[in-house]
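In what follows, a single structure is set out as structure tokens and then discussed.
Chain A is the first sequence line, chain B the second, and so forth, proteins listed ahead of strands; every chain is numbered from 1.
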Protein chains: 2
Amino acid sequence: MMAGVVPTGTDGGRRERKKLATRAALRRAALRLAVRNGVENVTVERIADEADVALRTFFNYFSSKEDAVLATAALGAEALVARFRARPPAESVLAALREAVLEVMESDDVAGHEHLAVLRLIRAAPSLLPQQLCVLAAQEDALAEAIADRVGLPVDDAYPRLCATAAFAALRVTLDRWLARTADDGDPPTTALLRAEFGDAVDTLAAGLDRGGAGS
Amino acid sequence: MMAGVVPTGTDGGRRERKKLATRAALRRAALRLAVRNGVENVTVERIADEADVALRTFFNYFSSKEDAVLATAALGAEALVARFRARPPAESVLAALREAVLEVMESDDVAGHEHLAVLRLIRAAPSLLPQQLCVLAAQEDALAEAIADRVGLPVDDAYPRLCATAAFAALRVTLDRWLARTADDGDPPTTALLRAEFGDAVDTLAAGLDRGGAGS
DNA sequence: GTGCATGGATGCACGACGTGCACGTTGGCC
DNA sequence: GGCCAACGTGCACGTCGTGCATCCATGCAC
């Protein structure tokens, strides 16, 4: 009965596709429930029900509900590193980084909207902060490697790591301030504003971070 | 019978002192057990026993065993901010920060040794990483405020936050690389080496972090 | 010193979490 | 069709974290 119309799928078989689908369903269920009810008021059992799998199955994919919610954030961070790698090699590190950030935030795919939701969620839920920082820290490794490739340094050099860490730090601060305006003002901040703010932060890093003391 | 020789203690009464003592006992018990048996193999109940209090009492002071272990790290971070504030106002931000870090690491008080133990512990126990990053993030606020005071900027300016975050990021990278040498070599790395490494990181931040692409 | 109010320590109970284990089912492959 | 590996599921168990009621030490007023 038409078996094998898509012999093994475009990626690697039905099994793989089902796994991916289950993981995505859990990730989205977690995000949806967390946005609707607040992270604290969501149980893992509820997430599993929403994704129509058993409680036990949830733990085959994520180790906690925070992990599931932040999987969306992790996707965004991975996308950022990928875009950074795709920037023209002639661009300087910080310029490529600035453009990569804006590409991700301006992208209209579903992941972009979900990513924004997670960022807002983290601001409202301090219990997510530790794991989010951990997600960023994990991507720092990937970014450091990408930076090392770009400038032609060995991966164990100090510069790539320092640059990657500082870059994510700047991104975190900028996003935090940008999102704070969302809370204050009614309308969502524009990507143009984000471009300006993150551009300033990057310029500050590029120009040298030090300043004299005593208000000079 | 000699009541009131130390009328209310030097700080604020017996109650206050007992609370502080219990908190310190729990903090140290958690650290000691974690170092000896590994963080994963320590239960909250064991920590409470070691500190000679009830299990329930533990949760009156800390919300998790990670919290208790990292309380030591938090002390170190607070000390760092305090030393930064105490540096001569004429020093630039990054110079004061470099000296403050070295002061903390070179201080011979007990807290210094405990702090080192925690740092080593975190490297070996990924489960502590999220909360450690959270501890640092919490101190970023205090450091940002101190930086704002030093350079004479309002606390809601972007520079103090960016600088504080980047500074902690640099500190984290440097300490990580410094501690990695401890694992490789047999002997513990010297503070002189730390001074050199963190000095380099700070110089890099001060000189401007950007670099051209294409290996130029 | 005596009684009283307050705040911390403790025990208890309960829901949630996270994991090891065994079993059934399904997909992949000959 | 038949075998095998991988996945989903239920079960049990230890741990976690918290609300609540209770007991006791402390500090205070007199």
Side-chain angles (χ1 to χ4, degrees), chain A residues 1-26 29-30 33-34 37-70 125-128 130-131, chain B residues 1-26 29-30 33-34 37-70 125-128 130-131:
Chain A
M1 49 170 325
M2 303 285 282
V5 168
V6 180
T8 53
T10 50
D11 38 20
R14 199 200 312 263
R15 243 182 194 158
E16 196 68 17
R17 272 181 290 124
K18 281 203 171 187
K19 267 188 70 167
L20 268 294
T22 303
R23 186 180 176 85
L26 281 170
L33 289 173
N37 304 70
V39 189
E40 304 296 338
N41 304 319
V42 178
T43 67
V44 177
E45 190 172 11
R46 185 77 185 79
I47 297 173
D49 284 349
E50 186 88 359
D52 199 34
V53 296
L55 171 64
R56 187 62 182 83
T57 302
F58 174 91
F59 292 104
N60 288 346
Y61 288 89
F62 302 100
S63 59
S64 68
K65 76 181 153 191
E66 290 81 8
D67 191 15
V69 171
L70 289 178
S127 81
L128 288 178
Q131 313 238 2
Chain B
M1 47 154 352
M2 301 283 282
V5 168
V6 180
T8 52
T10 51
D11 37 21
R14 196 196 316 264
R15 256 188 182 149
E16 196 68 16
R17 272 181 291 124
K18 280 203 171 185
K19 267 189 69 167
L20 268 295
T22 302
R23 185 180 176 85
L26 282 169
L33 289 173
N37 305 80
V39 189
E40 306 295 339
N41 304 320
V42 177
T43 66
V44 177
E45 189 173 9
R46 185 77 185 79
I47 298 174
D49 283 350
E50 186 87 0
D52 199 34
V53 296
L55 171 63
R56 187 61 183 82
T57 302
F58 174 91
F59 292 104
N60 288 346
Y61 288 89
F62 302 100
S63 59
S64 69
K65 76 182 154 192
E66 290 82 8
D67 190 15
V69 172
L70 290 178
S127 79
L128 287 178
Q131 314 238 1

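No contact: B/Phe62 has no heavy atom under 4.0 Å from any strand. Contact annotation for B/Phe58: no contact, since no heavy-atom pair falls under 4.0 Å across all strands.
Picking from C/dG18, D/dG8, D/dT18 the nucleotide with the shortest atom distance to the side chain of A/Val44 gives C/dG18. Of all nucleotides listed (C/dA16, D/dC20, D/dC16), D/dC20 comes nearest to the side chain of B/Arg56. Among the nucleotides D/dG8, D/dT18, C/dT10, the one closest to any side-chain atom of B/Ser63 is D/dT18. Minimum atom distance to the side chain of B/Thr22 is reached by C/dA9, of the listed C/dT10, D/dT9, C/dA9. Nearest nucleotide to the A/Phe59 side chain, out of D/dC16, D/dT9, C/dT19: C/dT19. Here the side chain of B/Thr43 is nearest to one of D/dT15, D/dG8, C/dG18, namely D/dT15. Closest contact between the side chain of B/Lys65 and the listed nucleotides C/dG28, D/dC16, C/dT10 involves D/dC16. Out of D/dC16, D/dT26, C/dG27, the shortest distance to the side chain of A/Arg14 is found at C/dG27.
The structure places OG1 of A/Thr22 at 4.0 Å from OH of A/Tyr61, a figure rounded to the nearest 0.5 Å.
Rounded to whole Å, atom C1' of C/dC17 lies 16 Å from atom CG of A/Asn41. With rounding to whole Å, B/Tyr61 atom OH is found 20 Å from D/dC16 atom P. Put simply, CD1 on A/Ile47 is 10 Å from P on C/dG18, counting in whole angstrom units. For A/Glu40 and C/dG15, the CD to C1' distance is 15 Å, given to the nearest whole Å. Counting to the nearest Å, the P atom of D/dG8 and the CG atom of A/Leu26 are 9 Å from each other. Atom NZ of B/Lys19 and atom C1' of C/dG8 are 8 Å apart (whole Å). If you measure from atom CG of A/Leu20 to atom P of D/dA6, you get 17 Å, rounded to the nearest angstrom. We find that CG of B/Leu55 is positioned 16 Å from C1' of C/dG8, with the value rounded to whole Å.
Using modelled atom types, one side-chain atom of A/Lys65 and one backbone atom of A/Val42 make a donor-acceptor pair closer than 3.5 Å. Listed for the A/Thr57 side chain is no donor-acceptor partner under 3.5 Å among the backbone atoms of A/Val53.
Nearer the 5' end of DNA chain C, as judged by each residue's closest nucleotide, is the contact made by B/Arg15, out of B/Arg15 and B/Asn60. Ranked by how close their nearest DNA chain D nucleotide is to the 5' end, A/Lys18 and B/Glu45 are led by A/Lys18.
For the residue pair B/Glu66/B/Ser127, the side-chain donor-acceptor check at 3.5 Å is not satisfied.
Counting heavy atoms of neighbouring residues, nucleotides and ligands inside a 6.0 Å radius, atom CG of A/Asn37 exceeds 12 of them.
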